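Quick note on labels: first sequence line is chain A, next is B, and so on, each numbered from 1. Model, not experiment: these values are computed from the prediction.
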Amino acid sequence: MRLSRSFGKTLREAPAEAELISHQLLLRGDFIRPAGAGIYTFMPFGYRVIRKIWDIMAEEMDAISGQEMWMPNLHPAALWQATGRWNQVDVLYKLKASGNREYALSATHEEIVVDLSLRDIESYRDLPRMIYHISKKFRDEPRPRGGLIRLREFIMKDAYTLDRSEEALDEYYPSMLQAYTNIFDRCGVPTVMINADVGAMGGKSSQEFTVPHPQGEDEFIYCEDCGYAANVEAAGFVREGEKPATMDELSKVLTPDCKTIADVAAFIGVPTTQTLKCVFYWWRPNYVEKPGEGRMVFAMTRGDLNINDTKLVNAVGGGFIRQATEEEVRSIGAVPGYASAIGMTPAKDMESPGVMIVADESINYGGNYVVGANDDPYHYTGANYGRDFQVSRIADIAQAATGHKCPNCGGRIEAKRAIEVGHCFKLGTRYSKAVNATYLDEDGQERLIYMGSYGIGLDRLMAVVVELHHDKDGIIWPDSVAPYQVHLVHIGKDGDGTKEKAEAVYAELTAVGVEVLYDDRDGLGAGVKFKDADLMGIPWRVTVSGRSLEQGGAEVKRRSESERQIVSLDQLVATFRS
RNA sequence: CGGGGCGUAGCUCAGCUUGGCAGAGCGCUCGGUUUGGGACCGAGAGGCCGCCGGUUCAAGUCCGGCCGCCCCGACCA
């Protein structure tokens with residue numbers, strides 16, 4: 001490609017809104033152009049990078065018996081209603097067409113796949129199958145951010161497995177994880193695989209591929225000693241502390257201006273581990289909140305810990321939660337800032353009357369707690385679980401944090417930020433059951449298809465490649481995903497004969513299949529061309545100039561290194577033909 | 001949705017406090033000089049100052065509303 005004919009241009013300065021380095025460099029190099037919050041055009045060079053990543057993914061998927069196809073992005077509402085996700089997936093874009101027809105934009109494609117399986121999977125002979133496609137996903141993200149990191153419209157490779165049983169999937173699953181590792185490695189992005197929460201996808205278990213990054217939006221727990229790694233939404237930890245030998249008497253004390261755990265612990269003179277933290281949520285079964293639907297959930301941990309919302313949702317069996325309003329808190333007899341379970345009747349389950357009180361396991365690792373008295377401004381001291389208050393259930397609902405004890409080896413864990421680039425889900429029968437997608441086994445028995453789904457965001461991965469491969473001058477694309485292999489630079493004056501030599505080099509390299517971007521622009525100084533080449537980050541730079549010709553050929557330089565060497569023109573082709 | 005910031009030329013930004021001709025650098029066009037790290041000289045083009053309303057003789061500037069963008073949080077298959 002000749003730069004003199006290329007659509008788009010580089011920028012000397014990045015637009016002010018770009019904060020992440022990948023965002024800045026991709027904008028400056030004109031790989032992407034914003035169209036709105038979380039919506040981008042991929043410019044010619046950016047699209048070439050996407051195609052390179054696309055090809056790598058297709059190769060790895062094909063290698064494990066995958067078949068590429070192309071699925072629709074306009075989904076009839078009926079498909080999403082059939083799986084029950086029409087009102088459950090909060091980021092779903094819904095639209096109305098003429099008449100009463102309703103559609104969803106493709107937030108993901110489980111609905112399409114499970115619908116396909118209805119007709120195409122009839123017998124155990126039709127299993128297992130793995131299909132995948134690369135296409136657009138649309139999600140109404142509340143806050144797009146970080147350039148290509150979080151988008152409203154993005155490009156995703158998603159694969160789907162259909163199996164006879166959990167065992168059959170278990171057998172295949174490691175090859176998928178390996179393929180994922182291969183993909184990321186080939187793109188120059190080493191990942192950490194962590195256990196994660198399945199969230200709204202449903203299913204049994206999931207593995208997330210993440211790249212540790214200070215500005216990542218995922219938080220995960222890592223143990224240096226044993227390698228334990230899990231998303232904070234799923235990470236366990238060992239609760240430490242002991243029950244006191246004797247229970248103190250429950251007594252009510254005046255605690256003015258003590259609305260936080262830190263305040264009250266300091267005022268009374270106890271560590272925060274000797275307090276209980278109470279947080280109130282409103283729970284409802286669907287994302288779309290209907291008046292009168294749902295109930296209060298009273299969550300409790302020891303005062304030194306925090307509630308993890310995802311763990312809490314799992315502890316009550318799914319659904320959605322939001323922070324309760326002050327009126328809702330008061331409706332169950334609790335006083336904000338001075339709340340506790342003392343005097344409350346716990347509900348047996350989510351259908352029963354009373355207050356649904358979910359306590360973290362940590363309340364069993366301490367006692368003689370300071371708790372609210374449900375009376376402003378009083379607290380109780382000497383409160384003990386069992387004697388002074390009851391709960392509906394005890395569960396793991398506290399968030400693991402740096403310094404906690406590893407659930408695997410007992411070492412100390414650390415919380416880190418990371419960018420999620422891929423996610424594998426063992427879905428099980430979550431979707432097949434919803435639409436009764438079955439097959440007949442050898443015994444003529446009808447059985448539910450066992451599903452898995454596996455996604456990678458291509459644009460996000462592209463951003464992460466840049467996060468990991470750049471210097472002060474610009475991007476340094478790994479060879480595998482670079483938009484071109486060679487950036488050919490011509491420097492010279494009209495009539496000095498250098499242009500003809502550069503043209504010849506361009507023609508020869510292109511003829512043998514080398515992808516060449518040729519800076520044939522006239523009238524630009526060497527500085528401008530070199531700055532552009534550094535910014536765009538193509539792995540090899542080949543310069544043809546009066547100086548290089550005097551030295552015997554073209555100057556060849558690797559983007560990632562500073563050495564330059566002269567290669568004679570007749571050996572150039574041999575150098576780059578691989 | 002809560003908190004903060006921003007919106008003036010293609011990009012980066014000044015001008016707003018204290019109302020009075022719409023500005024600079026880069027980029028772009030033309031001419032010339034340069035030609036190995038964003039070079040120089042000269043001449044130009046380019047604006048609904050985010051939108052709507054209000055105050056005023058006069059609004060980019062003051063007031064109200066709305067929209068958009070960025071960051072933190074909430075949320076996030």
Between [N] atom [atom2] and [X] atom [atom1], what is the distance in whole Å?
| X | N | atom1 | atom2 | value |
| --- | --- | --- | --- | --- |
| A:Asp496 | B:U34 | CG | P | 14 Å |
| A:Arg521 | B:G38 | CZ | C1' | 11 Å |
| A:Lys557 | B:G36 | NZ | P | 18 Å |
| A:Gln24 | B:C11 | CD | P | 16 Å |
| A:Lys531 | B:G27 | NZ | C1' | 17 Å |
| A:Ile307 | B:G73 | CD1 | C1' | 18 Å |
| A:Arg152 | B:C70 | CZ | C1' | 13 Å |
| A:Asn306 | B:A74 | CG | P | 11 Å |

Say you pick atom [atom1] in [N] and the same atom in [M]; how far apart are they, in whole Å?
| N | M | atom1 | value |
| --- | --- | --- | --- |
| B:U8 | B:G47 | P | 15 Å |
| B:G15 | B:G3 | C1' | 29 Å |
| B:A58 | B:C21 | C1' | 13 Å |
| B:A14 | B:A22 | C1' | 12 Å |
| B:U12 | B:C70 | C1' | 16 Å |
| B:C26 | B:G64 | P | 39 Å |
| B:G19 | B:C13 | C1' | 22 Å |
| B:C66 | B:C57 | C1' | 29 Å |

**Message:** Please classify the nucleic acid contact of A:Glu555 as base, sugar-phosphate, or nothing, using heavy-atom distances under 4.0 Å.
**Reply:** base

**Fill in**
When rounded to the nearest 0.5 Å, the distance separating CG of A:Asp90 from CG of A:Asn87 is 11.5 Å

In Watson-Crick or G-U wobble terms, both distances under 3.5 Å, what is the partner of [N]?
| N | answer |
| --- | --- |
| B:C13 | B:G23 |
| B:G2 | B:C72 |
| B:U55 | none |
| B:C30 | B:G42 |

**Item:** is_close_aromatic(A:Phe138, A:Tyr93), centroid dist under 6.0 Å
**Value:** no

**Asked** So, A:Phe209 versus A:Phe184, ring centres under 6.0 angstrom or not?
**Response** yes

**Asked** Regarding A:Lys94 and the six-membered ring of A:Trp86, is the cationic atom NZ or CZ under 6.0 Å from the ring centre and inside 45° of its axis?
**Response** yes

Look at the side-chain N and O atoms of [X] and state whether any lies under 4.0 Å from the OP1 or OP2 oxygen of [N].
| X | N | result |
| --- | --- | --- |
| A:Arg150 | B:C76 | no |
| A:Lys493 | B:U35 | yes |
| A:Arg12 | B:G27 | yes |

**Request:** Hey, which sits more toward the 5' end of RNA chain B by its nearest nucleotide, A:Pro142 or A:Gly546?
**Result:** A:Gly546

**Request:** Nearest-nucleotide wise, let me know which of A:Ala107 and A:Gly527 is further upstream toward the 5' end of RNA chain B.
**Result:** A:Gly527

**Item:** salt bridge (charged side-chain N to carboxylate O under 4.0 Å, His left out) against A:Glu503, all qualifying residues, sequence neighbours excluded
**Value:** A:Arg2

**Message:** Using the salt bridge (charged side-chain N to carboxylate O under 4.0 Å, His left out) criterion, which residues pair with A:Arg150? Sequence neighbours excluded.
**Reply:** A:Glu141, A:Glu217

Can you say whether a donor on the side chain of [X] sits under 3.5 Å from an acceptor on the base of [N], or the other way round?
| X | N | result |
| --- | --- | --- |
| A:Arg322 | B:C75 | no |
| A:Arg547 | B:G37 | no |
| A:Arg28 | B:G38 | yes |
| A:Arg143 | B:G2 | no |

**Message:** Please check: side-chain N/O of A:Asp218 versus main-chain N/O of A:Ile419, any donor-acceptor pairing under 3.5 Å?
**Reply:** no

